[in-house]
Each structure stands twice: as C-alpha cells, then as structure tokens.
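Side chains included, hydrogens not; waters and symmetry mates left out as well; all remaining heavy atoms used. As the structure lists them, so they are numbered: ligands from 1, and atoms in each ligand from 1.
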Amino acid sequence: MSYNLLKGKKGIIFGALDSNSIAWKTAERVHEEGGTFVLTNAPVAMRMGQINELAEKTGSQIIPADATSEEDLQNLVEKSMEILGGKIDFVLHSIGMSINVRKGKHYTDQNYAWTQKGTDVSAMSFHKVMQTLYKADAMNEWGSIVALTYMAAQRVFPDYNDMADNKAYLESIARSFGYFFGRDKNVRVNTISQSPTPTTAGSGVKGFDGFIAYADKMSPLGNATALDCANYTVSLFSDLTKRVTLQNLYNDGGFSNMGVSDAVMETFMKED
Ligand code: NAI
C-alpha cells in the first residue's frame, strides 16, 4: 500500500546488490511512496549487473561509488544533485562487509589488514558519506540519513566476528555526526538495528540458519523481514519523524528486550 509519504523527496540509496538486499526492498518501497533517487554501489558489485533491473523498475539512474573513496563519494553527491535537480532529502547507507567473516578467520585470530578493510567499508564509510554531504551542503533542511546495523554492537554474538566492532563504531558515528548535522543543518541521523535477514551479507555469517531460527523463536513478533526494514526506513525518511535523531532503533520483533521465550525454553525442558 502506498501513502505518498515521500512525494517530492530526493535521495541516494547505497547497497542494493540483488533482490534480497535490504536496500533493494527499500528502493522499491521509496519508489512506491513517490520518492526519487540515485542508486549506488561499489563498482565491483555493479559488474554483477542486477542493479540495472532495479534502476529500470524505479526510473532511477546508477552512479558507481566505492564508499571508502572520498573522490567517488564527492562525484556521487555532485552528480546526484545534478540528476535529481537539487539538494538531497534522504540517504540510506546499507553497506557491510568483513573479509575475516568471509574467509572464516576467527575473532581471536584476526588478519588485521582484513579487519581494517572491513572497518573502512562497514563503518568509516558512513562518516565519509556524511562528511561529503555536509561539506557540499548537499542535504535539504529536515532531511534524514539512515544506516543499518545489528545488535551484536551491544551484545555478544560470537560468530558475528569483527562486524560486531564495526557496528558499534557505525552507531557511534551516527550519534556523533548526527549532532553536527542536526545543529547546523536540521538533518536527522539514525541507525536501524535489524533482525537477521537472509541476504548475501547476512548469510555469510557462520551458522546463519540456526541463528535466524533462534532469533525468530525468541521474538514475540518474529524476525523483521527486509520489507519490514524498508517500511521502517520509509517512515524515517518521511516528515512524520522529523525530530527523531541520534537514535539506534530496533526493528527486530522485540528480540532486543527478551530474556527467554517459551518457544526457546521448550527446547531445553526435559520430558517428565
Ligand atoms: P547485501 O549483501 O545485499 O548488501 C551489502 C551491500 O554492501 C552490497 O550491496 C555490497 O555491494 C555493498 N558494499 C560492500 N562493499 C562496498 C563498498 N566498498 N562500497 C559501496 N558498497 C559496498 O546485504 P544486506 O543484508 O542487505 O546488508 C545491508 C546492511 O544491513 C549492512 O549494513 C548489513 O550489515 C546490515 N544488516 C544486515 C542484517 C542481515 O542479517 N542481513 C542484519 C542487520 C543489519
């Protein structure tokens, strides 16, 4: 259902790799709500070609940008304003990658070159995106910036590996930059902490199937889907959430406030 919540709003959406991507679903929902945007992803992800299908469907243009490159980001912001015909109202940072996770390197046996690369891609890129927008004065007043995160930033999930540290850093950047963006430009900055979701990035985590089933059983409303996340993001881009900022917002079916659920307890109860 469409409520026209984003009519006339212009934005940039990072991270749509394939139709499972949270950013993909978000782009579809933003389009339905009347928003227009530029799609962007790392040049290497572009070569897989699927993003063209999304661009066609949503009437969007694509600008490749490695989110760790200040030069690429400057080009992206400049070109986006040209294409969209003015300043930006919303930005989705939906980017995450750990080489240690991908190559099965244990948290206690890090390859630090990989750790550093993962931090740059998954967390520092968010600072770079915001600094580029801030310096170019590219955001409209009452604009909204959202990044996606996971609860391993607060609690231990052993197989989430160095991504846990990257997410803690990402959430801190949202607060720190959010202060300056709010004070100087009336722009809000938040992170959405999303349930485990079957995507390329998500499925890379060891034992993901068990993990997603456990989270589902623990959550009174069950796991939030990629579409649920897209809908929440639309609300944060809309004018209905104008003074929500510096927040880490859980979209997780209630998981983050649970101790244990009946469904999980059942698996530990001995038969009488
Ligand atoms: P995905 O694999 O579809 O998206 C990750 C995106 O990051 C890809 O499009 C990839 O090309 C992009 N990317 C990687 N390196 C990049 C670079 N240097 N420059 C620009 N883009 C780059 O997976 P998903 O799950 O949609 O991930 C989106 C966000 O949601 C990530 O921040 C992820 O950590 C977060 N998240 C995912 C959860 C899950 O279980 N899938 C749970 C909570 C948060």
Side-chain angles (χ1 to χ4, degrees), residues 12-28 39-51 54 62-73 76 91-99 101-102 114 116-126 128-129 132 146-155 157 159-171 173-174 191-209 211-216 219 223-230 232-233 248-253 255-256:
I12 302 176
I13 296 182
F14 287 83
L17 181 66
D18 57 34
S19 60
N20 295 319
S21 297
I22 298 169
W24 187 291
K25 299 272 190 270
T26 308
E28 289 178 334
L39 292 166
T40 182
N41 209 325
V44 57
M46 300 278 171
R47 282 202 281 277
M48 299 180 208
Q50 292 196 44
I51 199 171
L54 180 65
I62 304 168
I63 303 176
D66 177 343
T68 64
S69 158
E70 290 176 71
E71 200 186 331
D72 282 11
L73 290 172
L76 169 68
V91 176
L92 175 67
H93 177 288
S94 184
I95 299 170
M97 192 277 302
S98 158
I99 308 176
V101 167
R102 222 163 56 197
W114 296 350
Q116 219 156 20
K117 180 73 189 157
T119 304
D120 199 13
V121 170
S122 309
M124 211 184 303
S125 66
F126 191 38
K128 290 178 181 174
V129 166
T132 307
V146 170
L148 301 182
T149 186
Y150 181 58
M151 217 187 70
Q154 286 79 32
R155 300 191 191 171
F157 293 86
D159 291 326
Y160 209 65
N161 210 321
D162 56 333
M163 276 306 285
D165 306 330
N166 293 337
K167 290 304 191 191
Y169 184 14
L170 178 88
E171 291 176 18
I173 289 171
T191 48
I192 295 178
S193 187
Q194 165 70 7
S195 293
T197 313
T199 62
T200 305
S203 315
V205 176
K206 198 172 135 219
F208 187 75
D209 288 349
F211 191 54
I212 197 169
Y214 170 74
D216 197 48
S219 312
N223 286 336
T225 64
L227 178 60
D228 291 326
C229 189
Y232 197 14
T233 304
N248 181 40
L249 302 160
Y250 290 99
N251 185 50
D252 66 354
F255 181 86
S256 48

Parallel, tilted or perpendicular, as decided by the 30° and 60° cut-offs, for the rings of F255 and Y214 = perpendicular
Closest approach of S98 and D162, non-hydrogen atoms and distance?
-> OG-OD1, 2.6 Å
Mind checking side-chain hydrogen bond (donor to acceptor under 3.5 Å, both in side chains) for T197 and listing every partner two or more places apart, or none if nothing turns up?
-> Q194
How would you list, by chain and number, every residue that makes a side-chain hydrogen bond (donor to acceptor under 3.5 Å, both in side chains) with N41, sequence neighbours excluded?
-> none
Once you restrict both partners to nitrogen or oxygen, which atoms of ligand 1 have a protein partner under 3.5 Å, and how far apart are they?
{"unit_1": "ligand 1", "atom_1": "2 (O)", "unit_2": "A201", "atom_2": "N", "d": "3.0"}
{"unit_1": "ligand 1", "atom_1": "3 (O)", "unit_2": "S21", "atom_2": "OG", "d": "2.6"}
{"unit_1": "ligand 1", "atom_1": "9 (O)", "unit_2": "G15", "atom_2": "O", "d": "2.8"}
{"unit_1": "ligand 1", "atom_1": "9 (O)", "unit_2": "N41", "atom_2": "ND2", "d": "2.9"}
{"unit_1": "ligand 1", "atom_1": "11 (O)", "unit_2": "N41", "atom_2": "OD1", "d": "2.7"}
{"unit_1": "ligand 1", "atom_1": "11 (O)", "unit_2": "N41", "atom_2": "ND2", "d": "3.4"}
{"unit_1": "ligand 1", "atom_1": "18 (N)", "unit_2": "D66", "atom_2": "OD1", "d": "3.0"}
{"unit_1": "ligand 1", "atom_1": "19 (N)", "unit_2": "A67", "atom_2": "N", "d": "2.9"}
{"unit_1": "ligand 1", "atom_1": "21 (N)", "unit_2": "N41", "atom_2": "OD1", "d": "3.4"}
{"unit_1": "ligand 1", "atom_1": "23 (O)", "unit_2": "T199", "atom_2": "OG1", "d": "3.2"}
{"unit_1": "ligand 1", "atom_1": "25 (O)", "unit_2": "T199", "atom_2": "OG1", "d": "2.5"}
{"unit_1": "ligand 1", "atom_1": "26 (O)", "unit_2": "I22", "atom_2": "N", "d": "3.0"}
{"unit_1": "ligand 1", "atom_1": "32 (O)", "unit_2": "I95", "atom_2": "O", "d": "3.0"}
{"unit_1": "ligand 1", "atom_1": "32 (O)", "unit_2": "K167", "atom_2": "NZ", "d": "2.9"}
{"unit_1": "ligand 1", "atom_1": "34 (O)", "unit_2": "K167", "atom_2": "NZ", "d": "2.8"}
{"unit_1": "ligand 1", "atom_1": "40 (O)", "unit_2": "T197", "atom_2": "N", "d": "2.7"}
{"unit_1": "ligand 1", "atom_1": "40 (O)", "unit_2": "T197", "atom_2": "O", "d": "3.3"}
{"unit_1": "ligand 1", "atom_1": "41 (N)", "unit_2": "T197", "atom_2": "O", "d": "2.9"}
{"unit_1": "ligand 1", "atom_1": "41 (N)", "unit_2": "T199", "atom_2": "OG1", "d": "3.1"}

Take the angle between the ring planes of F157 and F211 and call it parallel below 30°, perpendicular above 60°, tilted in between.
-> perpendicular
Using side chain to side chain contact (heavy atoms under 4.5 Å, CB included) as the criterion, list what pairs up with A174, not counting sequence neighbours.
-> F126, V189, T191
